[in-house]
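Notes follow the structure.
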2 protein chains.
Amino acid sequence: MESRTARPPSGAPSRFRRVAATPAYRQVAEAIEREIIAGRIRPGEPIGTEAQLVSQFGVNRSTVREGIRLLEHSGLVRRDSSRRLWVGLPHYGRLALRMSRALVLHEVTFRELYEASLPMQLATVEAAVERATPETIAQLEENIARTERALGDPSEVAKLDAEFHGLVGKASRNRVLQLAREPSELLVMPTTEMILKRVKEGAPRLLHAHRMYVDAIRRRDKQAGRLWARRHLEDWRKGFERAGKDLDQPIDRIYLEST
Amino acid sequence: MESRTARPPSGAPSRFRRVAATPAYRQVAEAIEREIIAGRIRPGEPIGTEAQLVSQFGVNRSTVREGIRLLEHSGLVRRDSSRRLWVGLPHYGRLALRMSRALVLHEVTFRELYEASLPMQLATVEAAVERATPETIAQLEENIARTERALGDPSEVAKLDAEFHGLVGKASRNRVLQLAREPSELLVMPTTEMILKRVKEGAPRLLHAHRMYVDAIRRRDKQAGRLWARRHLEDWRKGFERAGKDLDQPIDRIYLEST
DNA sequence: ACCAATTTGTCCGTATGTATG
DNA sequence: TCATACATACGGACAAATTGG
């Protein structure tokens, strides 16, 4: 790589802005990224071995590796069992996790979380009512059955609640909506567990809301779907306040340590 | 780092599940990440030099560097002008860009984009109506003034449109909502430019909608805000179809090459 | 404004374990 | 089974940039 910065002679007036020297490892990453984004290399195709990249870019192995790591981290490049390099499809889950972490670090409040979740849940359930297939409805019912059996176990119910909303998201068949909703869901889930531990009637109410949810989806009743999505989330908020918490507090970062 | 995999002797019955060997560079990254997520190192604090990390983790410098790169990539660690390492706050913009790229690679359709954008726009404008300050209203008006002067220049109007919605997002004072909305916005923007180039009445209609938007915000009129947000986005959809495009097509990846 | 110490960016070479044919 | 290719990790090195006298 030819580019390094050149410092202007100390005495001379600074006539030029300093050249933005992109480090070699970043040039490597960006070059490969461009090929993928532009679609010239497609997901599932091989990138080549490290040695090949070394000779193509004319840099050292260490430099190539630093660049590759960036792409692996964002999911654009994957390694299979043999550690060979392939173009990958970044998976939502990882991105959503990172977003939720960013939200926690920025100390967003539970009120922001609640306010943003409501419209996204409503939109999701509407789409799910429109497009749910028998298979996903069956999965939802199976989730409800498991929730019934787990009613006494708050953390299990919270996990099943998250799974439930994931299934509704899948039923919505709208990936943009899913990706927008998922980070919030990741933050709501641990709070749900806390609420269920402190508010006894929480779990049965949650189960009932889920039942009505699925019923609305099965009957393709958008209004009922919206109604129960709203009630379900309102229950969450009420339970939150009943548990003695303040909506305007930042989300505790403790909730993310587990992941 | 002590952990490597150990292959069981070929003849022996496989009594144990294979150990998941986390590579050293990843262990380094995860260790530092945990400290930051848990809040034991706070944004703005120094991480230490590479040499220090080498001695603390007991690994080679190349290994440390590969690990650090991951954290730099996700924004958890920053380097200042002197390239020293600091804890950083991941900025939304980068995350949003990654998400929009992921959406394009997954070939989501314009219909998904439209359907997801609507409720988020509505929620955003509602919150903005509630909480906009005189300063952000002034910025919105200034944006409108610039849009008036740029009416003949589609790409400039599209840019100002994106800025406008960014300002509305800021006015909403809900960062969860903003982060959820931004990836979609990044995908809508280039499409807006395409539409404005092909549909002549697009720019004046856009400007008018913005005017009514701000008027609603100034009058704290939630209903009007929702109405014009809906019309504005519907204009986008109609313009899209008027331009001869199909809503059910995947988003062209061409739109992301520029970034 | 100069100098010395630190630190980063990059490179070279090597040893070892693993996967593939 | 064995040989080969390859990724992981290590140690050492040097030039350029930055820092702090």
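All figures in this text were calculated on a predicted structure; none of them were measured in a lab. So you know, we letter chains A, B, ... as the sequences are listed, proteins then strands, and number each from 1.
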**Prompt:** Under 4.0 Å: is that the gap between some side-chain N or O of B/Thr63 and OP1 or OP2 of D/dC10?
**Reply:** yes
**Item:** Value in whole Å for how far the C1' atom of C/dC11 lies from CD of A/Glu50
**Value:** 15 Å
**Asked** B/Tyr25 side chain: which of D/dA9, D/dT19, C/dT10 is closest?
**Response** D/dA9
**Donor-acceptor contact present, side-chain A/Glu35 to main-chain A/Ile32, <3.5 Å** = no
**Message:** Whole angstroms only, please: what is the CZ-P distance between B/Phe57 and D/dC10?
**Reply:** 12 Å
**Prompt:** Is it true that B/Arg69 and B/Glu72 have a side-chain N and a carboxylate O under 4.0 angstrom from each other?
**Reply:** yes
**Item:** Distance in angstrom units between B/Leu85 CG and C/dT7 P, rounded
**Value:** 11 Å
**Message:** In whole Å, I'd like the distance from the CZ atom of B/Arg79 to the P atom of C/dT6.
**Reply:** 19 Å
**Item:** Rounded distance (Å) that lies between atom P of C/dC11 and atom CD of A/Glu66
**Value:** 10 Å
**Atom pair distance, as rounded to whole Å: CZ in A/Arg65 and P in C/dC12** = 16 Å
**Request:** Describe the nucleic acid contact of A/Arg69 in one word from base, sugar-phosphate, nothing, applying a heavy-atom distance below 4.0 Å.
**Result:** sugar-phosphate
**Asked** Could you state the CZ-C1' distance from B/Arg61 to D/dG12, rounded to the nearest angstrom?
**Response** 11 Å
**Prompt:** Taking the side chain from B/Glu182 and the backbone from B/Leu179, do they hold a donor-acceptor pair closer than 3.5 Å?
**Reply:** no
**Item:** Among C/dC11, C/dT7, C/dG9, the nucleotide that comes nearest once only the side chain of B/Thr49 is considered
**Value:** C/dT7
**Complete:** Sorted by chain and number, sequence neighbours left out, salt bridge (charged side-chain N to carboxylate O under 4.0 Å, His left out) with B/Glu50 holds for B/Arg61, B/Arg65, B/Arg79
**Request:** Could you please name the option among D/dA9, C/dT10, D/dC10 that lies closest to any side-chain atom of B/Val59?
**Result:** D/dC10
**Prompt:** Do the ring planes of B/His106 and A/Tyr92 sit parallel (below 30°), tilted (30 to 60°) or perpendicular (above 60°)?
**Reply:** tilted
**Asked** Atom CZ of A/Arg26 and atom P of C/dT8: how far apart are they, to the nearest Å?
**Response** 16 Å
**Message:** Categorize B/Arg84 for me: base, sugar-phosphate, or nothing, with a 4.0 angstrom heavy-atom threshold over every strand shown.
**Reply:** sugar-phosphate
**Side chain of A/Asn60 - closest among D/dA9, C/dT7, C/dC12** = C/dC12
